[in-house]
Amino acid sequence: MKVLVTGATGFIGNHTVRTLLAKGHQVIATSSGKRPADPFDWFSEVTYIPFDLGNYEASINLYDRFQCPDCMIHLAWEGLPNYNAGFHETENLPRHLAFLENLLRNGLRSLTIAGTCLEYGMAEGELAENMEVHPSNPYARAKDQLRRSLEAFRSKHPFSFKWVRLFYMYGKGQNPKSLLSQIDKAAEENEPIFRMSGGQQWRDYLPVEKVAEYLVEIALQQQTEGIINCCSGKPVKIEDFVRDYLNKKGYTLALELGYYPYPDYEPMKFWGNPEKLHKTLQYE
């Protein structure tokens, strides 16, 4: 199968491309071109077509430009992890919607998009796909509106649509501002302590390799559509997660808990219900 992957040079995109190639699929990889793609070990095995959404032109047939893919996994999104920035709604949302509608209008028939658990808003506890959502920050609102707009677009241009709500992930290539990346940096610089929040939040984590595997399996099966949580269903307390990581890496950092306030854009305890995910994986 020929699969188009946007955001291919990103944290999740890199692993998604590698997973697709390992399964024997033909990959059309794209990114803005701001981060060079040629250093990636998969570069010679894909067709790489750079594309900056900021330079979108409605007159271009993007389905043809990306060599008429059978399926698309849309991971691109600019400006993360700045979740509270207004540009997610004023800039990202309209240009991503225009980009995707162009592909769908011109022939794309299978679309899988990375959503976010932040769409659920400040809801506590186990989060299921059938819950009403109340996104509370610009990033989550933009993602939620993108999903709703594309669902409405299906009435005129039918296509297979999977919206994968990602929870938390870790692994090689993660953002330097992420929790584990900051721990690694502190250890490399021989810092004696690591300052963090109180660590009493409960989160749902998966290694990025598993996230990429799930994304590919969801995208390639045709029995299940709609919203699908990409999660473990097994919440872990952040303090315990960090201490386990320190032990595995052999770091001697002391934790200074409570130095930073808890984020105001997410609840203290939440995790995903994985039942629909597990059912979907049976169809791959």
Cluster question for you: counting only ILVMFWY and a side-chain heavy-atom cut-off of under 4.5 Å, with indirect links fine, are Phe11 and Leu20 together?
yes
Using modelled atom types only, decide if a donor and an acceptor are shared between the side chain of Asn273 and the backbone of Leu127 within a distance under 3.5 Å.
no
In terms of the angle between their ring planes, are His157 and Phe153 parallel, tilted or perpendicular, with boundaries placed at 30° and 60°?
parallel
Short question: side chain of Glu191, backbone of Phe194 - any donor-acceptor pair under 3.5 Å?
no
Indicate, with yes or no, if Leu179 and Tyr259 share a hydrophobic cluster defined by side-chain heavy-atom contacts under 4.5 Å among Ile, Leu, Val, Met, Phe, Trp and Tyr.
no
Do other residues, nucleotides or ligands put more than 12 heavy atoms under 6.0 Å from the CD atom of Gln200?
yes
When you look at Glu119 and Arg165, which way does the side chain to side chain contact (heavy atoms under 4.5 Å, CB included) test go after all the steps?
CA-CA 8 Å; Glu119 293 168 54; Arg165 283 190 179 141; 3.0 Å; yes
Using the salt bridge (Lys or Arg N to Asp or Glu O under 4.0 Å) rule, collect all pairs that involve residues 218-236, keeping only residues at least two apart or in two chains.
Arg154-Glu225
Just list the side-chain donor-acceptor pairs under 3.5 Å for residues 36-51, sequence neighbours left out, or say none.
| from | atom 1 | to | atom 2 | distance (Å) |
| --- | --- | --- | --- | --- |
| Trp42 | NE1 | Asn14 | OD1 | 2.8 |
| Tyr48 | OH | Ser31 | OG | 2.5 |

Scan side-chain atoms only and decide if Ser181 and Ser178 contain a donor-acceptor pair under the 3.5 Å cut-off.
yes
Return yes if some donor-acceptor pair links the side-chain N/O of Lys276 with the main-chain N/O of Ala128 below 3.5 Å, else return no.
no
Flag yes if Tyr168 and Val133 sit in one hydrophobic cluster, no otherwise; membership is Ile, Leu, Val, Met, Phe, Trp, Tyr, and two members link when side-chain heavy atoms are under 4.5 Å apart.
yes
Using distance alone, with no hydrogens and no angle criterion, decide if Asp204 and Ser232 have a side-chain donor and acceptor under 3.5 Å apart.
yes
Heavy atoms of Gly115 and Lys143 approach each other most closely as CA-CD, 4.4 Å
Check: Val211 and His15 side chains under 4.5 Å, non-hydrogen atoms
no
So do the side chains of Phe270 and Glu126 get within less than 4.5 Å of each other, counting heavy atoms only?
no
Establish, from distance only, whether the side-chain atoms of Trp202 and Glu124 form a donor-acceptor pair under 3.5 Å.
no
Closest heavy-atom contact between Leu253 and Ala187?
CD1-N, 4.1 Å
Gln222 and Ser160 side chains, donor-acceptor separation under 3.5 Å:
yes
Cluster link Met169 to Leu180, ILVMFWY, side chain under 4.5 Å:
no
Phe167 side chain reached by Leu206 side chain, heavy atoms, under 4.5 Å:
no
Are Leu215 and Leu80 connected into the same hydrophobic cluster when the rule is that any two of I, L, V, M, F, W, Y join if their side-chain heavy atoms are below 4.5 Å apart?
no
Decide yes or no on salt bridge (charged side-chain N to carboxylate O under 4.0 Å, His left out) for Glu151 and Arg147, but give the supporting numbers first.
CA-CA 6 Å; Glu151 287 176 344; Arg147 176 185 61 82; 3.2 Å; yes
Under 4.5 Å between any side-chain heavy atoms of Leu108 and Leu62, yes or no?
no
Under the 3.5 angstrom rule, does the side chain of Arg95 hit a backbone N or O of Asn55 as a donor-acceptor pair?
no
Output side-chain donor-acceptor pairs under 3.5 Å for residues 72-79, partner residues at least two apart or in another chain, one line each.
| from | atom 1 | to | atom 2 | distance (Å) |
| --- | --- | --- | --- | --- |
| His74 | ND1 | Thr6 | OG1 | 2.8 |
| His74 | NE2 | His96 | ND1 | 2.9 |
| Trp77 | NE1 | His88 | ND1 | 3.0 |
| Glu78 | OE1 | His96 | NE2 | 2.9 |
| Glu78 | OE2 | His96 | NE2 | 3.4 |

Does the pair Lys185 and Glu188 meet the rule for a salt bridge (charged side-chain N to carboxylate O under 4.0 Å, His left out), with working shown?
CA-CA 5 Å; Lys185 182 180 179 182; Glu188 290 167 4; over 6 Å; no
Side-chain heavy-atom pair Leu118, Tyr139 within 4.5 angstrom cut-off:
yes
Side-chain donor-acceptor pair under 3.5 Å between Asp184 and Tyr251, yes or no?
yes
From Leu277 CG over to Gln282 CD, what is the distance, rounded to the nearest 0.5 angstrom?
10.5 Å
Nearest heavy-atom pair of Gly121 and Pro267: which atoms, and what distance?
O-CD, 3.5 Å
Please check if the side chain of Lys2 supplies one atom and the backbone of Gln67 the other of a donor-acceptor pair under 3.5 Å.
yes
Please say which of Thr112, Ile228, Asp144, Leu146 ends up in a side-chain contact (heavy atoms from CB on, under 4.5 Å) with Trp163.
Leu146
Pair Asn102-Tyr56, side-chain donor/acceptor within less than 3.5 Å:
yes
Can you tell me if Tyr120 and Asn229 form a side-chain donor-acceptor pair at under 3.5 Å?
yes
What do the steps show when you test Leu97 against Leu150 for side chain to side chain contact (heavy atoms under 4.5 Å, CB included), and what is the final call?
CA-CA 8 Å; Leu97 180 59; Leu150 288 169; 3.9 Å; yes
Does the side chain of Leu257 come within less than 4.5 Å of Glu239's, by heavy atoms?
yes
CD/Glu217 to OH/Tyr214 distance, rounded to the nearest 0.5 angstrom?
8.0 Å
Where Arg195 and Tyr260 come nearest, the two heavy atoms and their spacing
O-CE1, 3.4 Å
Considering only heavy atoms from C-beta outward, does the side chain of Lys210 approach that of Cys230 to under 4.5 Å?
no
Begin from the C-alpha positions of Leu4 and Thr30 and carry the test side chain to side chain contact (heavy atoms under 4.5 Å, CB included) through to its verdict.
CA-CA 8 Å; Leu4 170 61; Thr30 186; 3.9 Å; yes
Flag, side chain of Arg203 to backbone of Met268, donor-acceptor distance under 3.5 Å
yes
So which atom in Ala219 and which in Ser110 form the shortest heavy-atom distance, rounded to 0.1 Å?
O-OG, 4.1 Å
Leu220/His25 under side chain to side chain contact (heavy atoms under 4.5 Å, CB included): CA gap, chis, key distance, verdict:
CA-CA 10 Å; Leu220 299 185; His25 297 285; 3.1 Å; yes
Any idea how Phe99 and Phe66 line up, ring-wise: parallel (<30°), tilted (30 to 60°), or perpendicular (>60°)?
perpendicular
Find the distance between OG (Ser32) and CG (Leu53) and round it off to the nearest 0.5 Å.
9.0 Å
Please test Phe241 against Tyr170 for ring pair (Phe, Tyr, Trp, His ring centres under 6.0 Å), starting from the C-alpha separation and ending with a verdict.
CA-CA 11 Å; Phe241 181 71; Tyr170 59 92; 5.6 Å; yes
Is there a side-chain contact between Met196 and Leu255 (heavy atoms, below 4.5 Å)?
yes
Tell me if the CD atom of Glu189 is crowded by more than 12 foreign heavy atoms within 6.0 Å.
yes
Measuring from Glu209:CD to Thr16:OG1, what's the distance to the nearest 0.5 Å?
10.5 Å
Show the nearest heavy-atom pair for residues Arg109 and Leu104, with the distance to one decimal.
NH1-O, 3.1 Å
Value for CZ (Arg65) from CD1 (Ile60), rounded to nearest 0.5 Å, stands at 5.5 Å
